[in-house]
Each structure stands twice: as structure tokens, then as C-alpha cells.
Trainee: 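Here it is, the structure, as C-alpha cells.
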Amino acid sequence: MPLILAIESSCDDSSVALLQGNRLIGMKQSGQKEHTRFGGVVPELASRAHQECLSLMLNDLMRDTSTSWFDIQVIAYTRGPGLMGALMVGAALAKGLALSLDVPLIGVNHLHGHLVSHFVEQEPDEGIFPMLSLTVSGGHTHLVWLDSWLEGRILCETLDDAAGETFDKCAKMLGLPYPGGPVLDRLASQGNPGAHTWPMPQLGNASYSFSGLKTSVLYYLAKHQPNLSDCAESSLHDLCASIQANVVEVLMKPVKHYARQMKPRSLGLAGGVAANSLLRSRMLALGEQLGCAVHIPPLSWCTDNAAMIAASARILLEQGVIHLEALGEKPLPRWPLMDYFRDLSSLNLSQKSGS
Ligand code: KG4
Ligand code: ZN
């Protein structure tokens with residue numbers, strides 16, 4: 001298997017990784033602290049931070065793994081979706097390297113990277129399909145039915161906020177630092193999830209929505225706890241636990257529905273919010289109840305990272321369905337997973353027919 005160097009820069013995490021087959025030779029990852037004081041990601045700051053740290057990280061990775069530039073056989077990078085400026089920084093680095101090392105370049109869909117993030121160090125096993133996989137991050141929330149690594153369809157997606165964005169916005173209202181998801185998760189472990197009842201969207205199983213929860217939390221706080229600094233610690237814990245319970249219940253309802261109706265061979269959970277302790281345990285419990293395997297990446301591969309981008313490129317190479325990029329192709333800030341699957345399937349057909 002070729003040695004793949006992967007670069008991730010779609011949002012506010014810079015990361016580089018070296019992967020050969022299922023051996024992760026090394027990875028560097030760095031979250032950006034610049035956004036904390038703004039309570040959310042500032043796109044221009046994200047681009048500048050990637051610009052400052054990606055090449056330094058890359059040099060560190062090469063040195064720490066004793067890899068020579070001439071050992072690299074493929075460059076993979078996140079082509080989209082994500083912030084345009086941030087993607088451009090990673091794309092420029094990837095293209096410069098591909099050109100100077102004279103190796104192929106593969107533009108990876110970030111959402112496909114999340115989908116395969118559990119399989120970085122595993123042999124991709126076709127026996128896991130069909131798989132019902134929930135991707136939950138700061139920018140995306142969708143439930144995908146996967147027939148293979150390269151074919152699938154979306155069963156349920158959000159109409160408004162993503163799950164991670166909901167955690168972050170609720171946490172911000174509670175006066176917690178950005179990104180609020182992990183902090184809210186930690187505080188929730190000491191609270192009572194039944195202390196508050198938040199609205200559940202009545203949307204069936206084809207759509208998620210989190211805007212009702214966000215508005216209810218806003219009105220509740222304005223009415224009952226306008227001055228958060230006076231809020232007792234236990235009350236903050238109860239708010240976190242009940243908000244977390246609501247988000248997880250909303251996420252799991254369609255998962256349970258489709259898992260019972262369509263009987264997948266396995267369940268998957270990926271994306272930054274896959275680090276959430278309650279969501280992980282609910283997914284594992286469902287798998288146990290239905291007798292199917294559950295694939296959840298370790299915590300370090302839940303948030304954005306280059307190992308999953310390398311894993312996605314590796315799967316494309318193994319499946320023989322690759323679109324080697326011309327250097328002039330642009331990043332794709334909006335690149336829906338379904339468009340990606342469609343492109344892969346037409347590429348697959350044309351490669352099989354030899355055209
Ligand atoms: O996948 P990711 O690193 O970046 C995007 O592609 O968006 O996901 C980041 C999101 C943030 O919203 C963060 O608050 C959330 O994942 N997150 C969590 C937890 N850890 C990270 N949300 C809930 N509980 C956690 N433990
Ligand atoms: Zn992501």
C-alpha cells in the first residue's frame with residue numbers, strides 16, 4: 001500500500017498524518033484557541049492559523065516519524081466541505097507538495113472522512129454493510145444508510161442547526177467557554193437529566209431540528225436565571241444534563257426507527273459529537289439490543305483530523321475508484337455527501353467500462 005500524506009484544514013483544526021495500509025505512522029493535530037474569545041469560529045482567523053501552523057506541523061511529523069519526503073507516494077487533502085479560506089490553505093500546501101514530489105493528489109470529502117474514521121487502523125471489512133451511520137459534528141448532522149464504502153443515501157438530516165452547533169450555542173447561553181460541547185458533557189455527568197423537559201420536534205424520521213430547544217433554553221434562562229453568575233452549581237449541572245438528554249433523544253429517535261425497520265448489519269457514529277458520553281452509550285446499548293456491531297472511533301478521531309482523510313483516500317485507492325486531481329481544481333466549500341457518492345459512482349462505471 002502506498003504511503004499517504006494527508007492534510008486536514010476544513011474548519012478550526014489543523015492536522016497532518018501519514019498512513020500506510022492500516023498503519024498510522026504518525027499524526028499531528030492542533031485545535032485553534034484563537035476563536036475562544038469570540039465564542040465561535042472566525043473564518044479569517046482560522047485561515048491564518050492554518051497558514052501559520054500547517055507547514056510547521058508537517059515538518060515535525062516528518063522529523064518525528066523519520067520519514068523522507070521521497071517516501072511519500074500520495075497526497076490526500078480535504079477538498080470540502082468547509083470554510084473556503086481554510087480549505088484553500090490546505091489545498092495550496094497539498095498541491096505544492098504533489099507538484100514538487102511529483103505524486104498523485106486526491107481531494108477527499110471531509111464527511112466521507114468522518115464516515116470512515118473508525119477504520120483508520122482496521123482492514124476495511126465489507127461484512128459491516130449495510131451500515132446505519134450517524135455523523136454529528138459542529139457543522140453537520142445526518143443519518144446515512146451505507147451499502148458500501150462508496151454508496152449510500154441520507155435517511156435523516158437537520159433542517160436547521162447541527163447537533164454540535166446546538167451544544168455550543170446552549171453552552172454559550174449558559175456562560176460556558178467555546179467549544180461548549182465537551183464542557184457541557186462534563187457538567188452533565190453531575191446533573192439530573194429529568195430536571196427540565198425541553199420540547200421534542202414532531203418531524204417524523206426524515207428530519208432533525210434543534211432550533212426549538214435553543215429558543216426554549218433562551219426563554220427559560222431569560223425568565224428564571226437572567227443572571228447566570230447567581231445560578232447554583234447544581235442548577236447549572238441539571239440544565240446541562242437535561243439539554244444533553246434532549247439532543248441525544250432527538251438524535252437517537254430516527255436511528256432506532258431505521259435500525260429496527262431496515263435491519264443494518266452494523267451501526268456507526270462519527271464526528272466531533274461522537275465524543276459525547278451519553279450518545280456513545282446510547283448507540284452501544286442499541287447495538288447490543290439489536291445484536292449488531294457498533295463502530296465508534298476513539299475520541300482522538302472524533303474531532304477533525306488528518307488520519308480520517310488519509311483513511312478515506314486509502315479506501316478510494318483500494319476500491320480502485322479514484323479521481324486524481326488536476327492541480328487547477330478548486331476547493332468545494334459546499335460538497336454534499338450525496339453529490340460525492342454520485343460522482344464516485346459515475347467514475348466507477350466509467351472506469352469499469354474502460355472509458
Ligand atoms: O467534527 P468536529 O471536530 O468539527 C466539525 O466538523 O464541525 O466537531 C466539533 C463539534 C463542536 O461543536 C464540539 O462542541 C462538539 O463537536 N463536541 C462535543 C463533544 N466533543 C466535541 N459535543 C458534545 N459532547 C462532547 N463530548
Ligand atoms: Zn468535521
Side-chain angles (χ1 to χ4, degrees), residues 6-15 27 29-33 35-36 39-41 43 46 50 77-83 86-87 90 108-118 133-142 144 158 161-174 176-189 191 193 210 213-214 240-241 243-252 268-283 296-309 311-312 333-337 340:
I7 300 167
E8 157 64 33
S9 71
S10 62
C11 189
D12 60 343
D13 291 288
S14 312
S15 180
M27 178 170 88
Q29 189 180 16
S30 155
Q32 302 175 351
K33 299 274 172 280
H35 310 285
T36 312
V41 178
H50 288 307
Y77 76 103
T78 303
R79 188 175 176 202
L83 302 169
L87 291 170
V108 169
N109 183 300
H110 179 84
L111 301 171
H112 194 257
H114 275 305
L115 276 179
V116 306
S117 56
H118 183 238
S133 185
L134 178 67
T135 300
V136 266
S137 73
H140 302 273
T141 298
H142 50 226
V144 186
T158 183
D161 289 348
E165 192 181 0
T166 308
F167 275 127
D168 294 342
K169 286 179 177 169
C170 289
K172 191 174 176 182
M173 288 188 246
L174 294 173
L176 304 175
Y178 178 85
V183 189
L184 194 142
D185 185 358
R186 190 162 33 80
L187 297 177
S189 65
F210 297 100
L213 167 66
K214 219 175 50 185
C240 289
I243 291 168
Q244 176 174 270
N246 181 281
V247 173
V248 171
E249 198 179 332
V250 171
L251 288 172
M252 287 303 293
L269 178 63
V273 182
N276 184 266
S277 52
L278 183 64
L279 185 57
R280 289 172 90 90
S281 67
R282 285 289 155 81
M283 209 62 169
I296 308 179
L299 291 182
S300 56
W301 297 340
C302 289
T303 41
D304 292 346
N305 66 82
M308 69 184 199
I309 301 304
S312 172
R334 201 185 158 277
W335 196 10
L337 190 61
Y340 184 61

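The figures that follow rest on heavy atoms only: side chains count, while hydrogens, waters and symmetry mates do not. Whatever order the structure lists ligands and atoms in, that order sets their numbers, starting from 1.
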Trainee: Give the atom numbers and elements of ligand 1 that come within less than 4.0 Å of a heavy atom of G272.
Mentor: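 Numbered from 1, ligand 1 contributes 1 (O), 2 (P), 8 (O), 16 (O), 17 (N), 18 (C), 19 (C), 20 (N), 21 (C).
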
Trainee: Check ligand 1 against G139 and write out every atom of the ligand that is under 4.0 Å from a heavy-atom position of the residue.
Mentor: 7 (O)

Trainee: Below 4.0 angstrom from a heavy atom of G181, which ligand 1 atoms are there? Numbered from 1 as shown, please.
Mentor: 14 (O), 18 (C), 19 (C), 22 (N), 23 (C), 24 (N), 25 (C)

Trainee: Set out, in order, the CA-CA distance, both residues' side-chain angles and the distance that settles side chain to side chain donor-acceptor pair (under 3.5 Å) for T135 and H140, then state yes or no.
Mentor: CA-CA 7 Å; T135 300; H140 302 273; over 6 Å; no

Trainee: With a 4.0 Å cut-off on heavy atoms, does R186 reach ligand 1?
Mentor: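 For ligand 1, residue contact (heavy atoms, under 4.0 Å) with R186 is absent.
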
Trainee: Distance from L111 atom CG to M308 atom CE, nearest 0.5 Å?
Mentor: 8.0 Å

Trainee: Where is the tightest heavy-atom contact between A306 and M27, given as atom of each residue plus distance?
Mentor: N-SD, 4.1 Å

Trainee: Checking a contact table here: which protein heavy atom is nearest atom 4 (O) of ligand 1, and how many Å away?
Mentor: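 Checked against all protein heavy atoms, atom 4 (O) of ligand 1 sits closest to D304 OD2, 3.1 Å.
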
Trainee: With heavy-atom distances below 4.0 Å as the criterion, list the atoms of ligand 1 near F167.
Mentor: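 What qualifies from ligand 1 is 22 (N), 23 (C).
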
Trainee: Nearest protein heavy atom to atom 15 (C) of ligand 1, by residue and atom, and its distance?
Mentor: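 That would be V273 CG2, 3.9 Å.
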
Trainee: Can you classify the ring geometry of H114 versus H110 as parallel (below 30°), tilted (30 to 60°) or perpendicular (above 60°)?
Mentor: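 Aromatic pair H114/H110 classed perpendicular.
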
Trainee: Among all protein heavy atoms, pick out the one at the shortest distance from atom 24 (N) of ligand 1; state its residue, atom name and that distance to 0.1 Å.
Mentor: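 Answer, as residue, atom name and distance: N276 ND2, 3.1 Å.
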
Trainee: For ligand 1, which atoms have a heavy atom of T303 less than 4.0 angstrom away?
Mentor: 3 (O)

Trainee: Could you tell me whether H114 approaches ligand 1 through its side chain, its backbone, both or neither, with non-hydrogen atoms closer than 4.0 Å?
Mentor: side chain

Trainee: How close does the nearest protein non-hydrogen atom get to atom 12 (O) of ligand 1, and which residue and atom is it?
Mentor: D168 OD2, 2.7 Å

Trainee: Looking only at protein heavy atoms, identify the closest one to atom 9 (C) of ligand 1 and say how far it is in Å.
Mentor: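 Going by distance alone, atom 9 (C) of ligand 1 is nearest to G138 N, 3.8 Å.
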
Trainee: Spell out, as yes or no, whether a donor-acceptor pair under 3.5 Å connects the side chain of E8 to the backbone of S10.
Mentor: yes

Trainee: Any nitrogen or oxygen of D185, side chain or backbone, less than 3.5 Å from one on ligand 1?
Mentor: yes

Trainee: Nearest heavy-atom pair of N276 and F167: which atoms, and what distance?
Mentor: ND2-CZ, 4.0 Å

Trainee: Which of the numbered atoms in ligand 1 are below 4.0 angstrom from a heavy atom of H110?
Mentor: 6 (O)

Trainee: Can you tell me if, anywhere in C11, an N/O/S atom lies at a distance from the Zn ion (ligand 2) that is smaller than 2.8 Å?
Mentor: no

Trainee: Please assess Q29 against T303 for the test side-chain contact (heavy atoms from CB on, under 4.5 Å), listing each intermediate value before the final yes or no.
Mentor: CA-CA 10 Å; Q29 189 180 16; T303 41; 3.7 Å; yes

Trainee: Could you tell me whether some N/O pair between G180 and ligand 1 is separated by less than 3.5 angstrom?
Mentor: no

Trainee: Is the distance from the Zn ion (ligand 2) to the nearest N/O/S atom of H110 under 2.8 Å?
Mentor: yes

Trainee: Just to check, does P182 reach to within less than 4.0 Å of ligand 1 when the distance is taken from its heavy atoms?
Mentor: yes

Trainee: To the nearest 0.5 angstrom, please state how far the SG atom of C170 sits from the CZ atom of F210.
Mentor: 10.0 Å

Trainee: Could you list which atoms of ligand 1 come closer than 4.0 Å to a heavy atom of G164?
Mentor: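 Counting from 1, the qualifying ligand atoms are 12 (O).
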
Trainee: Looking only at non-hydrogen atoms, find the nearest pair between A46 and V41 and report the distance.
Mentor: CB-CG1, 4.3 Å

Trainee: At what distance, to the nearest 0.5 angstrom, does OG of S133 lie from CE of M283?
Mentor: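 These two atoms lie 7.0 Å from each other.
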
Trainee: Quick one, D13 and N305 - any side-chain contact, counting heavy atoms below 4.5 Å?
Mentor: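 No. Closest side-chain heavy atoms not under 4.5 Å.
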
Trainee: Examine all N, O or S atoms of D304, backbone included, and report whether one is under 2.8 Å from the Zn ion (ligand 2).
Mentor: yes

Trainee: Is any side-chain heavy atom of L278 closer than 4.5 Å to a side-chain heavy atom of D185?
Mentor: no

